[in-house]
Number of protein chains: 2
Amino acid sequence: MDNRGGFDLRRVLLFRGLNGCDLTALLAKARQEAAVRGSTFFNECDDALHCRLLVAGRIKLVQTSTDGNQVVTRFVAPGEMFGWAQVLGASVYPGSAEAMVDSVALTWDAASMRSALAAHPVLALNALELLGARLREAQDRLREVATERVERRVARALLRLARQSARPTGEGVEIGFPVTRQDLAETTGATLHTVSRILAAWEHSGILAGSRQRIVLLHPGRLETLAEDGG
Amino acid sequence: MDNRGGFDLRRVLLFRGLNGCDLTALLAKARQEAAVRGSTFFNECDDALHCRLLVAGRIKLVQTSTDGNQVVTRFVAPGEMFGWAQVLGASVYPGSAEAMVDSVALTWDAASMRSALAAHPVLALNALELLGARLREAQDRLREVATERVERRVARALLRLARQSARPTGEGVEIGFPVTRQDLAETTGATLHTVSRILAAWEHSGILAGSRQRIVLLHPGRLETLAEDGG
DNA sequence: CGGTTTCTTGATCAACGTCAATATGAGTGG
DNA sequence: CCACTCATATTGACGTTGATCAAGAAACCG
């Protein structure tokens, strides 16, 4: 089996259950694409001609509203697909994909991914499951933003980030890629000012430590309390 | 071709492109289920054993958070599927499905729907498209709730409702099923008080008219202005 | 007709955004 | 290596949106 880009593609959830042959054939159709930190794989409203699998790095998907406000719809970790728009019936990307660190993706054109989905039911079912999970996550976040205080939303966001990309350190769990207060604000629907204040308070009370773009959760348990019962 | 429950099933987007035979076979596996106004087809956290197609009536999907706050994740119109949870890899329903008027649904068990999806690629691709559209909608609403004022969110919610279920009246477009201020509050992430005040103001300025659970948009254009550039 | 749900409206208040100023570090070119 | 610049972060003062609290009115229902 192939092992392109130093990444084990059998681990990719979308490909689970696909036999080696078919996987190799599918891979043959992909090309590799890189984006340095700060650049994008695609921008909001670009024609959605491709879909991608993140192989290395970290991406954020960002939607911008007419008045310039931005929202981070998802952080993408290696092994996850992104930019499905065309495959799923949209003609343009609903958001931009910005590399938070230097990143590498495998890129398919939407048409061949569609035919692969049609040819391999297991692939389509996997896609449905993944998409279902994403829909549930989006709805959960909707409920949070609609009903919960900023502090709690920030707590949840940090826990999600930690779950997706924990890097154990001496004194706690570090989030494994650079996250600005602005990023956190855009995932939680708050301003960077409020986020900054909240994090400062938490640093003060020993729940977390951090410096520029780095956040270490010293006390995930206490964060979970904050996230759940609003202690 | 079958025409069960007085509803033309060829119009259902999920079934588009499926041949008559297969459609009939699929329908044979469904059973009919009714829910009177106010009752539910299923509740949040129930085991997700079935998936459903709304044939008549109107449903709202509601998520409740631990502190009792509710959010309406979607209004379901006839012809739309709901309660896909199990098919999409979740074991329990992420929300309840409450009938806003007396309603009828066709019900499949999740296993047979899964095998139908596996057997008919066209079905799986349709499902992916529909789910993709839903994901985009959820993300749009997330962006709205995170960045926009309540007034604008209410305007958008009304326009969405009108689009999904407009009933032309003498003086404007009526929303074709009973919607309470509470419902609107739960779709927009506001309180019913705020919604009530906003609607009162709009009634005052002639943008809409309404009575108990009835809303008539007299001036959709002005609502659209409010929804877009915050005029 | 009494009870219940829905809706309205006022008064008050706090969460959080906005505005503003400053600090801190990281990268860059001279 | 240092000066400069830019992005990021901190912090305070203040204002506004919209929630909360409270009370009552109106419509519907058995």
Side-chain angles (χ1 to χ4, degrees), chain A residues 36-39 60 65 67-72 98 100-102 144-155 157-158 175 177-205 208-216 226 230, chain B residues 36-39 60 65 67-71 98 100-102 144-155 157 175 177-205 208-216 226 230:
Chain A
V36 300
R37 179 174 182 169
S39 68
K60 61 175 174 181
S65 55
D67 58 345
N69 260 328
Q70 296 199 323
V71 171
V72 174
E98 184 186 330
M100 305 180 76
V101 296
D102 295 352
E144 282 174 28
V145 176
T147 66
E148 279 163 13
R149 299 269 136 97
V150 173
E151 192 181 47
R152 198 183 286 199
R153 306 206 299 265
V154 175
L158 287 177
I175 289 170
F177 56 98
V179 182
T180 66
R181 315 283 137 132
Q182 182 71 40
D183 289 331
L184 274 176
E186 287 171 4
T187 59
T188 52
T191 58
L192 94 153
H193 308 271
T194 303
V195 170
S196 181
R197 278 183 249 264
I198 288 171
L199 294 196
W202 286 345
E203 280 188 53
H204 211 73
S205 59
L208 56 81
S211 54
R212 189 164 248 252
Q213 306 199 357
R214 255 184 78 251
I215 298 173
V216 184
L226 286 167
Chain B
V36 301
R37 180 175 181 169
S39 68
K60 62 176 172 180
S65 55
D67 58 347
N69 260 328
Q70 295 199 323
V71 172
E98 184 186 329
M100 305 181 76
V101 296
D102 294 353
E144 282 175 26
V145 176
T147 66
E148 279 163 14
R149 300 268 139 96
V150 172
E151 192 180 47
R152 196 181 288 198
R153 305 206 301 265
V154 174
I175 290 170
F177 56 97
V179 182
T180 66
R181 316 282 137 135
Q182 181 70 41
D183 288 332
L184 273 176
E186 286 170 4
T187 59
T188 53
T191 58
L192 95 152
H193 307 269
T194 303
V195 170
S196 179
R197 277 183 247 265
I198 288 171
L199 293 196
W202 286 345
E203 280 187 54
H204 211 73
S205 59
L208 55 81
S211 53
R212 192 166 244 251
Q213 307 199 354
R214 253 184 81 253
I215 298 173
V216 184
L226 286 166

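- Of all heavy-atom pairs between A:Val72 and A:Asp183, the closest is CG2-O, 4.2 Å.
- One interatomic measurement links the two molecules: CD of B:Gln182 to P of C:dT5, which rounds to 13 Å at whole-angstrom precision.
- In the interface, the side chain of A:Arg197 is paired with the base of C:dT18 through a donor and an acceptor atom under 3.5 Å apart.
- Here D:dT11 presents its C1' atom at 13 Å from NE2 of A:His204, a figure rounded to the nearest Å.
- Here the side chain of B:Arg153 pairs a donor or acceptor atom with the backbone of B:Thr188 at under 3.5 angstrom.
- Rounded to an integer number of Å, the gap from CD1 of B:Ile198 to C1' of C:dT9 is 14 Å.
- For B:Ala190, whose side chain is taken as the heavy atoms from C-beta onward, the closest listed nucleotide among D:dA9, C:dC7, D:dA19 is D:dA19.
- Applying the 4.0 Å criterion to OP1 and OP2 of D:dA19, one finds that B:Thr191 has a side-chain N or O inside that range.
- Within 4.0 Å of B:Gly189, counting heavy atoms only, lie sugar-phosphate atoms of the nucleic acid but no base atom.
- OP1 and OP2 of C:dC16 both lie 4.0 Å or more from every side-chain N or O belonging to A:Thr194.
- C:dT24 atom P lies 18 Å from atom CD of A:Gln213, rounded to whole Å.
- The residue A:Gly210 sits apart from the nucleic acid: no heavy atom pair falls under 4.0 Å.
- Contact record, A:Val154 with A:Val195: CG2-CG2, 4.3 Å, taken as the closest heavy-atom pair.
- Remark: the A:His193 side chain and the D:dT11 base include a donor-acceptor N/O pair separated by less than 3.5 Å.
- Residue A:Arg212 places a side-chain atom within donor-acceptor reach of the base of D:dA7, judged by atom type and a 3.5 Å distance cut-off alone.
- Taking side-chain N and O atoms only, A:Ser196 has a distance below 4.0 Å to OP1 or OP2 of D:dT10.
- By the 4.5 Å heavy-atom criterion applied to side chains, B:Val150 and B:Thr191 are not counted as neighbours.
- In this structure, A:Asp183 atom CG and D:dT8 atom P are separated by 8 Å, rounded to whole Å.
- A:Glu148 places its CD atom 15 Å from the C1' atom of D:dA19, with the value rounded to the nearest Å.
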Before you tell me yes or no, could you show the steps for A:Thr180 and A:Leu192 under side-chain contact (heavy atoms from CB on, under 4.5 Å), namely the whole-Å CA-CA distance, both residues' side-chain angles and the distance that decides it to 0.1 Å? CA-CA 9 Å; A:Thr180 66; A:Leu192 94 153; over 6 Å; no
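- Summarising the geometry, the separation between CD1 on A:Ile215 and C1' on D:dT10 is reported as 15 Å, rounded to the nearest angstrom.
- Put simply, CZ on B:Arg152 is 16 Å from C1' on D:dT16, counting in whole angstrom units.
- Using a 4.0 Å heavy-atom criterion, one finds that A:Arg149 contacts the sugar-phosphate atoms exclusively.
- Contact annotation for B:Arg181: backbone-only contact, meaning every heavy-atom pair under 4.0 Å involves sugar-phosphate atoms and none involves a base.
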